[in-house]
Amino acid sequence: SGSDPNELGLGFQTYAGNGGSATAEVVTDERTAVRPGAEADNSALGLTIDVPQGSWAGVSHAFAVDGIWTPQDWSASQGVNFWLYGQNTGDTVYVDVIENRNPGSTVDDAERYSASFTDDVAGWRFVELEWADFARKDIGNGAPDDGFTLDEVHGYAIGVAQTDGEQQYLVDRFARWGASLADVPLLVGFDRGVYQAAEGAP
């Protein structure tokens with residue numbers, strides 16, 4: 001984590017408001033070791049949050065190159081997926097994609113597109129979200145409203161809408177998935193490597 005010359009947060013940053021709280025840390029314990037497919041020394045991002053009604057809290061990951069907030073092109077993918085260690089609280093977990101900004105901006109006026117699901121599993125679950133699951137979320141930051149293009153993604157965020165006291169969630173292997181059909185090359189194959197034919201035969 002860090003900040004750019006305009007004091008915009010880079011890398012992993014926690015956020016909270018209206019009495020909420022959030023801390024993030026690298027966790028390596030018996031929970032991270034039992035994630036399906038994990039190595040024994042696997043670690044995950046531990047998000048500890050307390051979100052009273054009317055508050056908000058979570059963790060964001062702002063992409064950076066050489067200390068500058070720098071977008072990535074996600075338009076060739078079909079969604080995001082990750083592993084979540086939940087608590088079966090019934091709380092609403094959300095994922096925000098932080099999209100394009102106004103030209104020449106030096107502030108966080110990026111668009112947010114959000115998808116959510118219910119924490120109804122105690123332990124690890126694999127979460128897969130399609131871009132069609134996301135809807136624009138206006139946070140009053142003057143963001144442009146020009147559609148979910150995904151060609152200038154500045155980062156993502158994970159949070160919980162409300163909790164009953166302090167809860168800790170683990171997040172592991174957050175990734176994009178899929179590819180658009182336009183990016184899949186046409187492949188031509190043959191059933192054998194050599195074809196025999198007599199010269200002049202029809």
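As the structure is a computational prediction, the values presented were derived from the model and not from experiment.
Checking Asp109 against Asn102 by side-chain atom types alone, a donor-acceptor pair falls below 3.5 Å. Side-chain contact check for Asp151 and Thr149: at least one donor-acceptor pair (N or O, by modelled atom type) lies under 3.5 Å. There is a side-chain donor-acceptor pair under 3.5 Å between Asp119 and Tyr169.
Just one of Asp41, Val26, Leu170 meets the side chain to side chain contact (heavy atoms under 4.5 Å, CB included) condition when paired with Thr32; it is Leu170.
Side-chain contact between Arg31 and Gln168 is present, with heavy atoms from C-beta onward closer than 4.5 Å. Counting heavy atoms from C-beta on, the side chains of Phe63 and Val153 come closer than 4.5 Å. Trp69 is listed as a side-chain neighbour of Leu10, based on a closest heavy-atom distance under 4.5 Å. Tyr85 places none of its side-chain heavy atoms less than 4.5 Å from the side chain of Arg35. At a threshold of 4.5 Å between non-hydrogen side-chain atoms, the residues Val127 and Phe117 count as touching. Side-chain contact between Glu111 and Phe148: absent, with no pair of heavy atoms (C-beta onward) separated by less than 4.5 Å. Side-chain contact between Leu45 and Phe12 is present, with at least one heavy-atom pair separated by less than 4.5 Å. Annotation: side chain of Arg101 is not in contact with side chain of Glu152 (no heavy-atom distance under 4.5 Å).
Residue Ile49 is not grouped with residue Trp56 when hydrophobic side chains (ILVMFWY) are merged at heavy-atom distances under 4.5 angstrom, including chains of intermediate members. Both Leu8 and Ile98 belong to a single network of hydrophobic side chains, linked directly or stepwise wherever heavy atoms of I, L, V, M, F, W or Y lie under 4.5 Å apart. Cluster membership check: Trp83 does not share its hydrophobic cluster with Val93, using side-chain heavy-atom separations under 4.5 Å among Ile, Leu, Val, Met, Phe, Trp and Tyr. One hydrophobic cluster, built from ILVMFWY side chains closer than 4.5 Å, holds both Val59 and Val80. Linking Ile, Leu, Val, Met, Phe, Trp and Tyr whenever their side-chain heavy atoms come within less than 4.5 Å puts Val34 and Phe126 in one cluster.
Although no hydrogens or angles enter the test, the distance criterion places no donor-acceptor pair under 3.5 Å between the side chain of Ser114 and the main chain of Lys137. Panel note: side chain Trp131, backbone Ser75; no donor-acceptor pair is recorded below 3.5 Å. Side-chain N or O atoms of Asn42 include none that pairs as donor or acceptor with a backbone N or O of Glu39 at under 3.5 Å. Remark: the backbone N or O of Gln87 is not paired with any side-chain donor or acceptor of Thr89 at under 3.5 angstrom. For the pair Ser43 (side chain) and Thr28 (backbone), a donor-acceptor distance under 3.5 Å is absent. With Glu25 contributing its side chain and Thr48 its backbone, the two residues share no donor-acceptor pair below 3.5 Å.
Here Asp120 pairs with Arg125 in a salt bridge; the nearest charged N to carboxylate O distance falls below 4.0 Å.
To the nearest 0.5 angstrom, Asp91 atom CG is 7.5 Å from Asp164 atom CG.
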**Request:** For Arg112 and Val97, run side chain to side chain contact (heavy atoms under 4.5 Å, CB included): C-alpha distance rounded to whole Å, both residues' side-chain angles, the deciding distance at 0.1 Å, then the answer.
**Result:** CA-CA 6 Å; Arg112 266 67 170 178; Val97 172; over 6 Å; no

**Request:** Please assess Asp50 against Thr163 for the test side chain to side chain contact (heavy atoms under 4.5 Å, CB included), listing each intermediate value before the final yes or no.
**Result:** CA-CA 6 Å; Asp50 187 353; Thr163 64; 3.8 Å; yes

**Request:** Step by step, work out the side chain to side chain contact (heavy atoms under 4.5 Å, CB included) result for Leu129 and Val95.
**Result:** CA-CA 9 Å; Leu129 300 170; Val95 176; 3.9 Å; yes

**Request:** Check the pair Thr92, Val160 against side chain to side chain contact (heavy atoms under 4.5 Å, CB included), reporting the backbone distance first and the verdict last.
**Result:** CA-CA 6 Å; Thr92 299; Val160 180; 5.8 Å; no

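Closest approach of Ile68 to Pro5, counting heavy atoms only: CD1-CD, 3.8 Å. Across all non-hydrogen atoms, the minimal contact from Ser21 to Ala57 is O-CB, 3.6 Å. Tyr15 and Ala157 make their closest contact through OH-CB, 3.9 Å (heavy atoms, listed as atom of the first residue, atom of the second, distance). Nearest heavy-atom pair across His154 and Thr70 is ND1-C, 4.3 Å. When all heavy atoms of Ala40 and Ala33 are compared, the closest pair comes out as O-CB, 3.5 Å. For Arg176 against Ser77, the heavy-atom pair with the smallest separation is CD-OG, 3.7 Å.
Aromatic ring orientation, Phe174 versus Phe82: parallel (interplanar angle below 30°, classes split at 30° and 60°).
No more than 12 heavy atoms of other residues, nucleotides or ligands lie within 6.0 Å of CZ in Arg173, so this atom counts as exposed by the packing criterion.
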